[in-house]
Amino acid sequence: MSAPERPLALSPDVRFRRVAGEGVVVDQSVPAVLVVNEVGVRALELMRAGATQGEVVARIAEEYAVAPETVAADVRAYLGELRGRGILAPETGE
Amino acid sequence: MSGWGRSAATIRVAEERFRLVGLSPAQAELVASRYRGGETPSKPCDGIRSPAPIEVLVGRGLVPVPAPSRFQVDGNYVPEIDHRSGGIELRGHGFAGTIELQDRLRGSLVTADERLTVEPIILQNYLRVVTAYSALAHGGLLLHCSAAVAGGRAMLFLGRSGAGKTTVARGALAAGAEVLSDDMALVRPRGEGFEVGCVPFVGELGETCRDYEASYPVGGVLWLEQAETLRLSPLSPARQTAHLLSCCPFVNHDPLRAHALQEIVERFLERHPISALELRRGQPWNEVLAVLEAAK
């Protein structure tokens with residue numbers, strides 16, 4: 001039996017907000033600022049609300065009417081990029 | 001904290017004045033010879049009485065002097081800052097300081113070397129941070145940018161390191177335009193928009209500002225990108241926000257003032273949207289002006 005998924009944790013130094021359909025993400029520890037698209041900022045909102053990776057995939061797939069397997073690959077890549085930038089805490093065990 | 005002496009000196013930064021107290025006579029003399037001061041601005045601010053100067057107590061003390069590389073971030077010198085609700089504490093190469101941000105903004109600067117205290121590596125790097133917070137407190141921004149005057153208005157050039165901010169300023173200077181700075185400019189709210197003033201923090205081009213009391217309405221804000229063809233294009237609101245935030249040194253680190261900064265950024269962008277300006281290195285100033293003029 002696999003372990004239950006943990007909620008995705010944003011770095012405490014990260015703030016983001018919606019601006020006209022896109023997202024502006026600020027990592028105040030650097031500081032670094034980046035722009036993400038509408039789906040990217042929606043995923044961040046779900047993470048802020050305590051969603052797991054599976055929950056992010058499910059909600060995005062539902063809200064944007066896209067096949068979950070397609071969303072899963074995109075979310076995995078997106079989370080990898082966020083981890084690489086220090087925006088998302090590393091996965092447990094990393 | 002004991003001061004270096006009982007002398008004082010005043011430095012003017014746009015409409016703000018910094019009153020340095022606790023200086024030795026030699027330090028006060030050096031400050032007076034290098035910076036413009038004065039007890040009252042000769043140009044009143046829309047009938048509003050000039051605010052009291054920001055007092056900075058300069059003292060001597062044991063300060064660790066780590067290698068300057070410790071304070072380098074992406075090629076820029078950035079002091080280490082601890083944020084508190086009532087103010088900040090900072091440490092840089094050869095200094096430690098505080099900035100109190102409660103009712104009245106004031107600060108302290110502790111150094112271990114009398115002469116080095118008033119050199120740019122300490123004094124300017126400390127005052128940059130104070131200026132950034134003072135601007136924020138007044139609804140303005142200290143921007144990392146170059147700025148030149150065209151048609152009585154200030155054109156602000158923002159961009160990543162190496163994008164061409166200094167090159168544009170150099171071109172403007174060569175063409176006889178007034179260059180306010182190739183490194184930093186102060187924008188303050190004025191009426192319905194914002195105005196730009198000089199700060200005495202010099203960049204690669206040295207001191208280019210002709211009049212530290214002058215201020216110019218914002219005429220345009222450009223995000224520089226290197227390209228072969230000169231071109232002006234719009235940016236999405238999110239990109240404008242991100243670019244402007246990235247050019248607000250010191251305060252964009254501060255988690256306790258993020259909301260205040262965001263509000264000012266939004267107000268600024270409502271009045272002065274940022275466009276992308278693609279240009280090649282060494283693009284003549286008159287060609288830059290022509291493309292900006294054509295877009296009006």
Side-chain angles (χ1 to χ4, degrees), chain A residues 7-51 56 59-60 63-66 71 74-90, chain B residues 71-84 88 129 132 136 141-145 158-161 163 223 225 234-270 273-274 276:
Chain A
L8 296 162
L10 294 173
S11 158
D13 295 316
V14 168
R15 276 148 186 78
F16 67 90
R17 64 193 312 277
R18 276 182 182 271
V19 178
E22 294 181 295
V24 177
V25 186
V26 182
D27 180 354
Q28 292 187 307
S29 67
V30 181
V33 189
L34 70 148
V35 175
V36 297
N37 65 18
E38 184 187 336
V39 183
V41 72
R42 180 64 186 131
L44 289 171
E45 287 169 349
L46 293 167
M47 292 177 218
R48 184 161 60 186
V56 170
R59 288 291 295 274
I60 298 279
E63 292 176 16
Y64 293 88
V66 181
V71 175
D74 288 348
V75 166
R76 199 163 42 244
Y78 181 51
L79 298 183
E81 189 182 339
L82 294 181
R83 286 194 180 94
R85 290 173 178 266
I87 289 169
L88 192 62
Chain B
F71 304 105
Q72 291 290 323
V73 178
D74 292 337
N76 295 314
Y77 178 99
V78 180
E80 295 172 353
I81 300 179
D82 293 331
H83 306 99
R84 295 181 281 105
I88 64 169
V129 183
L136 194 72
L141 302 166
L142 177 67
L143 289 179
H144 181 42
C145 66
L158 288 63
R160 296 179 188 88
S161 183
W223 177 260
E225 299 276 6
L235 288 166
S236 75
R239 291 214 176 270
Q240 293 180 48
T241 302
H243 290 330
L244 192 57
L245 281 172
S246 71
C247 294
C248 298
F250 316 120
V251 293
N252 62 7
H253 277 268
D254 192 334
L256 301 174
R257 281 114 198 145
H259 184 67
L261 175 61
Q262 183 63 42
E263 283 189 346
I264 296 168
V265 163
E266 284 175 13
R267 272 202 299 277
F268 181 88
L269 292 175
E270 275 174 19
I274 304 176

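Per chain, numbering begins at 1; letters A, B, ... match sequence-line order.
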Atom [atom1] in [X], atom [atom2] in [Y]: separation rounded to 0.5 Å?
X         : Y         : atom1 : atom2 : value
Gln28(A)  : Arg257(B) : CD    : CZ    : 11.0 Å
Arg18(A)  : Thr241(B) : CZ    : OG1   : 14.0 Å
Leu245(B) : Leu34(A)  : CG    : CG    : 11.5 Å
Arg15(A)  : Leu261(B) : CZ    : CG    : 11.5 Å

- With a cut-off of 6.0 Å (strictly less than), are more than 12 heavy atoms of other residues, nucleotides or ligands near CZ of Arg85(A)?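 Counting other residues, nucleotides and ligands, CZ of Arg85(A) stays at 12 neighbours or fewer.
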- Task: Indicate the atoms forming the closest heavy-atom contact of Ala242(B) with Val35(A), along with that distance.
- Result: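 Smallest interatomic distance, heavy atoms only, reads CB-CG2, 3.5 Å.
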- Here the pair of heavy atoms bringing Ser236(B) nearest to Glu22(A) is OG-OE1, 2.6 Å
- Query: What part of Gln262(B) gets closer than 4.5 Å to chain A, counting heavy atoms only: side chain, backbone, both or neither?
  - Reply: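 Answer is side chain: those atoms of Gln262(B) sit under 4.5 Å from chain A.
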- Note on the structure: Assert top hit (heavy-atom pairs under 4.5 Å, partner chain B, pool Val30(A), Val26(A), Asp13(A)) equals Val30(A)
